[in-house]
Amino acid sequence: MTDALVLGGGGVAGVAWELGVLQGIADKDRDLAARLLGADRVVGTSAGSAVAAQITSGTPLGALYEAQLADDDLDFVVEFDGPAMFAGWAAAFEPAPDGTPPDPLEIRRRIGAMALTAHTTDEATRLKEHEAHLLSTRWPDTDLAIPAVDAESGELRVFRRDSGVRLLDAIAASCAVPGVWPPVTIDGRRYVDGGIRSVANVDLAAGADHVLVVTPQRPGSPSPFGPSATEQVEALAPAKVLMICADDASMEAFGINPLSPETRAPSAAAGRAVGRAQAAELAALFA
């Protein structure tokens with residue numbers, strides 16, 4: 001029997017919330033939490049890739065959670081051209097002259113093209129920022145899967161420890177929100193956020209017997225890029241799957257800017273409450 005843990009994207013708030021969910025599960029059932037942290041496969045998309053790297057680094061979960069409550073970096077402001085970014089995202093969904101809507105691959109190509117020309121911080125600076133928060137530069141023994149999207153082709157690439165790619169680069173690529181952060185260069189290609197293919201890329205957990213999906217979105221949220229997380233969960237049958245999503249208190253904690261460090265502490269606390277509430281159902285499912 002194999003277990004998989006899937007962690008979706010959601011910015012700074014999402015990182016804190018997902019760690020809070022896992023801490024909440026640990027509050028109720030330490031053995032269950034240990035089982036999740038030692039899952040046979042961990043899939044981390046965007047913010048989820050940062051969480052995945054943290055929980056597989058050997059650092060105790062409690063320490064990871066407490067770090068989200070610290071008041072450091074609260075004055076860090078993410079600077080990006082908001083109007084240009086939103087215009088670029090909107091243009092990606094424009095239909096052809098004959099009214100035909102673009103397919104998901106074409107949407108990703110258009111978003112990637114926008115990311116390649118966006119005015120953001122430079123790539124080297126962004127990598128240093130990621131490196132400062134990376135607890136280990138070594139890929140874990142766990143089957144860690146980190147998806148990113150080729151900015152030119154729109155194709156998905158999944159990085160693993162046998163990909164010959166640094167863990168730092170894989171995480172930076174999966175977290176490269178188009179229009180906010182620069183695409184990341186790997187093997188001569190430029191990569192952007194894995195979340196523009198799917199918010200959680202749940203399908204990468206296929207083959208596992210038990211799957212926990214943790215995604216900081218409301219239940220049933222649609223996906224403009226392709227199958228939603230809910231649809232991907234249904235496709236995992238006959239696996240036993242639980243998807244933990246954000247409740248009203250969590251959405252309030254995320255606020256209007258989930259990239260703001262000020263969301264960390266309230267998001268972590270909200271996630272912890274959700275994890276506690278879901279622990280019993282998860283334990284029954286994973287029995």
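Each residue takes its place number in the sequence, starting with 1. These numbers come from the heavy atoms of this one structure, side chains and all, not from hydrogens, waters or symmetry mates.
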I need the minimum non-hydrogen distance between [X] and [Y], along with the two atoms involved.
X      : Y      : answer
Arg166 : Leu127 : NH2-CD1, 4.4 Å
Arg110 : Glu94  : NH1-O, 2.7 Å
Ala115 : Val192 : CB-CG1, 3.8 Å
Ala170 : Ile186 : N-CD1, 4.4 Å
Ala246 : Pro216 : CB-C, 4.0 Å
Ala92  : Pro102 : O-CG, 3.6 Å

[atom1] of [X] to [atom2] of [Y]: how many Å apart, nearest 0.5 Å?
X      : Y      : atom1 : atom2 : value
Glu281 : Leu242 : CD    : CG    : 5.0 Å
Cys175 : Tyr191 : SG    : OH    : 16.0 Å
Leu37  : Thr59  : CG    : OG1   : 11.0 Å
Asp3   : Lys240 : CG    : NZ    : 11.0 Å
Ile196 : Ile107 : CD1   : CD1   : 10.0 Å
Leu36  : Asp31  : CG    : CG    : 11.0 Å

Item to check | Among Arg189, Arg190, Arg108, Arg109, salt bridge (Lys or Arg N to Asp or Glu O under 4.0 Å) partner for Glu152 | outcome: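 The residue from Arg189, Arg190, Arg108, Arg109 that satisfies salt bridge (Lys or Arg N to Asp or Glu O under 4.0 Å) with Glu152 turns out to be Arg189.
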
Item to check | Residue that, paired with Arg157, satisfies salt bridge (Lys or Arg N to Asp or Glu O under 4.0 Å) out of Asp187, Asp150, Asp169 | outcome: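 One option only clears the test, and that one is Asp187.
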
Consider only side-chain heavy atoms of I, L, V, M, F, W and Y, link residues closer than 4.5 Å, and tell whether [X] and [Y] are in one cluster.
X      : Y      : result
Leu32  : Val51  : yes
Val184 : Leu116 : no
Val177 : Leu168 : no
Val12  : Leu135 : no
Leu285 : Leu22  : yes

So does [X] pair up with [Y], basic N to acidic O under 4.0 Å?
X      : Y      : answer
Arg126 : Glu129 : yes
Arg161 : Asp143 : no
Asp203 : Arg197 : yes

Any donor and acceptor pair, going by atom type alone, linking the side chain of [X] with main-chain N or O of [Y] inside 3.5 Å?
X      : Y      : result
Thr142 : Leu144 : no
Trp181 : Ala172 : no
Ser174 : Pro147 : yes
Glu18  : Leu7   : no
Thr117 : Met114 : yes
Ser228 : Glu231 : yes
Thr100 : Ala96  : no
Ser163 : Val165 : no
Arg276 : Lys28  : no

Item to check | Intermediate values then yes/no, side chain to side chain contact (heavy atoms under 4.5 Å, CB included), Val15 and His133 | outcome: CA-CA 12 Å; Val15 170; His133 293 90; over 6 Å; no

Item to check | Stepwise side chain to side chain contact (heavy atoms under 4.5 Å, CB included) check, Ile146 with Leu167 | outcome: CA-CA 9 Å; Ile146 299 179; Leu167 179 61; 3.9 Å; yes

Taking C-beta and beyond as the side chain, do [X] and [Y] meet within less than 4.5 Å on heavy atoms?
X      : Y      : result
Pro182 : Thr121 : yes
Ile244 : Leu212 : yes
Thr263 : Phe254 : no
Trp17  : Val214 : yes
Ile111 : Val149 : no

Item to check | Remaining members of the apolar cluster that contains Leu236, side-chain heavy atoms under 4.5 Å | outcome: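 Traced through the cluster, Leu236 reaches Val6, Val43, Leu156, Val158, Val202, Leu204, Val211, Val213, Val233, Val241, Met243.
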
Checklist entry - More than 12 foreign heavy atoms under 6.0 Å from CZ of Arg218: is that the case here? => result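 Yes, CZ of Arg218 has more than 12 neighbouring heavy atoms, counting only those of other groups under 6.0 Å.
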
Checklist entry - What do you reckon, is CD of Glu252 surrounded by more than 12 foreign heavy atoms closer than 6.0 Å? => result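 No, CD of Glu252 has 12 or fewer neighbouring heavy atoms, counting only those of other groups under 6.0 Å.
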
Checklist entry - Within 45° of the six-membered ring axis of Tyr65 and under 6.0 Å from that ring's centre, is NZ or CZ of Arg272 located there? => result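 Relative to the ring axis of Tyr65, which defines the angle, Arg272 lies inside both limits.
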
Item to check | Trace of the side chain to side chain contact (heavy atoms under 4.5 Å, CB included) decision for Phe159 with Ile171 | outcome: CA-CA 9 Å; Phe159 298 107; Ile171 294 172; over 6 Å; no

